[in-house]
Amino acid sequence: MIESIAKEYISLIPNLFDSFSELNKDSGALSHMQNHVIEFMYFQQRALNLKEISNGLNIAKQQLTNIMKDLEASGYIVKTPDIKDKRAVLVSLTAAGKDIQEKKWTNIYHHFSERLTKLSDEERIDLQFALHKVNILLKKMKD
């Protein structure tokens with residue numbers, strides 16, 4: 001039983017990735033890594049230091065340096081001194097940084113909703129239940 005569940009989970013990943021990549025293909029002018037940084041910050045909903053971003057994305061702080069410079073120059077992020085740690089800076093999304101993510105996710109939602117029209121009512125109910133159940137069970141496995 002465990003082996004068949006693991007195989008089904010592994011086969012789900014490329015399907016989700018392909019579907020998401022297709023939905024996300026026209027979602028903005030950011031590079032792949034810039035998008036990851038902005039997206040991570042967007043979902044954290046607070047100012048972050050570079051270590052938090054680095055750990056959250058599992059990339060080296062040195063790799064973030066140029067990405068952050070470019071994002072700051074483009075007006076997507078702003079850096080402020082961390083009052084708790086004088087050596088660190090906090091990075092926040094600007095209104096433009098938040099806006100680019102909101103537009104991206106609205107676009108993905110719209111494209112996905114359009115694709116749902118290819119399914120029958122019964123298939124949409126099945127998909128809704130399956131996605132809901134997978135989300136619940138994956139969260140339960142994390143805890």
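Just so we're clear, the structure is a prediction, and the values are computed from it rather than from any experiment. Numbering of residues begins at 1 and proceeds along the displayed sequence.
Listed for the Ser92 side chain is no donor-acceptor partner under 3.5 Å among the backbone atoms of Ala47. Side chain of Asn58 to backbone of Ser54: no donor-acceptor contact under 3.5 angstrom is found. The main-chain N or O of Glu102 is found under 3.5 Å from a side-chain atom of Thr106 such that the two form a donor-acceptor pair.
Between the OH atom of Tyr76 and the CG atom of Asp70 there is a distance of 11.5 Å, given to the nearest 0.5 Å. From Arg87, atom CZ reaches atom CG of Asn49 across 10.5 Å, with rounding to the nearest 0.5 Å. From Asp126, atom CG reaches atom OG of Ser120 across 7.5 Å, with rounding to the nearest 0.5 Å. Expressed to the nearest 0.5 Å, how far OG of Ser31 lies from NE2 of His36 amounts to 9.0 Å. Between Gln63 atom CD and Ile53 atom CD1 the span is 13.0 Å, to the nearest 0.5 Å. Rounding to the nearest 0.5 angstrom, the gap separating the CD atom in Glu52 from the CG atom in Leu57 is 11.5 Å.
Among residues two or more places apart in sequence or in another chain, the side-chain contact (heavy atoms from CB on, under 4.5 Å) test is passed with Ser4 by none.
Annotation for Lys79: atom NZ counts as buried by contact number, over 12 foreign heavy atoms lying within 6.0 Å. Within a 6.0 Å sphere centred on CD of Glu114, other residues, nucleotides and ligands contribute more than 12 heavy atoms. Atom CZ of Arg46 has more than 12 neighbouring heavy atoms from other residues, nucleotides or ligands inside a 6.0 Å radius.
What you find for Leu64 and Leu50 is that their closest heavy atoms are CD1-O, 3.7 Å. In plain terms, the two heavy atoms of Asn35 and Gln101 that are nearest each other are OD1-NE2, 3.2 Å. Considering every non-hydrogen atom in both Gly75 and Ala96, the closest pair reads O-CB, 3.6 Å. For the residue pair Ile77 and Ile38, the shortest heavy atom distance occurs at CG2-CD1, 4.1 Å.
The existence of a salt bridge linking Lys84 and Asp82 is excluded, since no basic side-chain nitrogen approaches an acidic carboxylate oxygen closer than 4.0 Å. Lys7 has a carboxylate O that lies under 4.0 Å from a charged side-chain N of Glu3, or vice versa, which qualifies the two as a salt bridge.
Counted by atom type alone, Gln128 and His132 present zero donor-acceptor pairs between their side chains at under 3.5 Å.
Screening Asn66, Ile100, Ile67 against Gln34 for a side chain to side chain contact (heavy atoms under 4.5 Å, CB included) leaves a single residue, Ile67.
A continuous path of Ile, Leu, Val, Met, Phe, Trp and Tyr side chains, each step under 4.5 Å between heavy atoms, connects Ile108 with Leu127, placing both in one hydrophobic cluster. Clustering ILVMFWY residues whenever any of their side-chain heavy atoms sit less than 4.5 angstrom apart, transitively, puts Leu119 in a cluster other than the one holding Val134. Note on Tyr42 and Leu48: same hydrophobic cluster, where clusters join Ile, Leu, Val, Met, Phe, Trp and Tyr whose side-chain heavy atoms are under 4.5 Å apart, directly or indirectly. Hydrophobic cluster membership differs between Ile13 and Leu131, with clusters built from Ile, Leu, Val, Met, Phe, Trp and Tyr side chains linked at under 4.5 angstrom. Cluster membership for Val89 and Leu71, using ILVMFWY side-chain heavy atoms within less than 4.5 angstrom, is not shared.
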Can you check side-chain contact (heavy atoms from CB on, under 4.5 Å) on Lys104 and Glu39, steps first, answer last?
-> CA-CA 10 Å; Lys104 171 190 163 180; Glu39 186 173 274; 2.3 Å; yes
Taking it one step at a time, do Asp121 and Arg124 satisfy side-chain contact (heavy atoms from CB on, under 4.5 Å)?
-> CA-CA 5 Å; Asp121 288 344; Arg124 283 191 287 252; 2.4 Å; yes
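For the pair Tyr9 and Leu138, the minimum side-chain heavy-atom distance is below 4.5 Å.
Ring centroid separation for the pair Trp105 and Phe43 comes in under the 6.0 Å cut-off.
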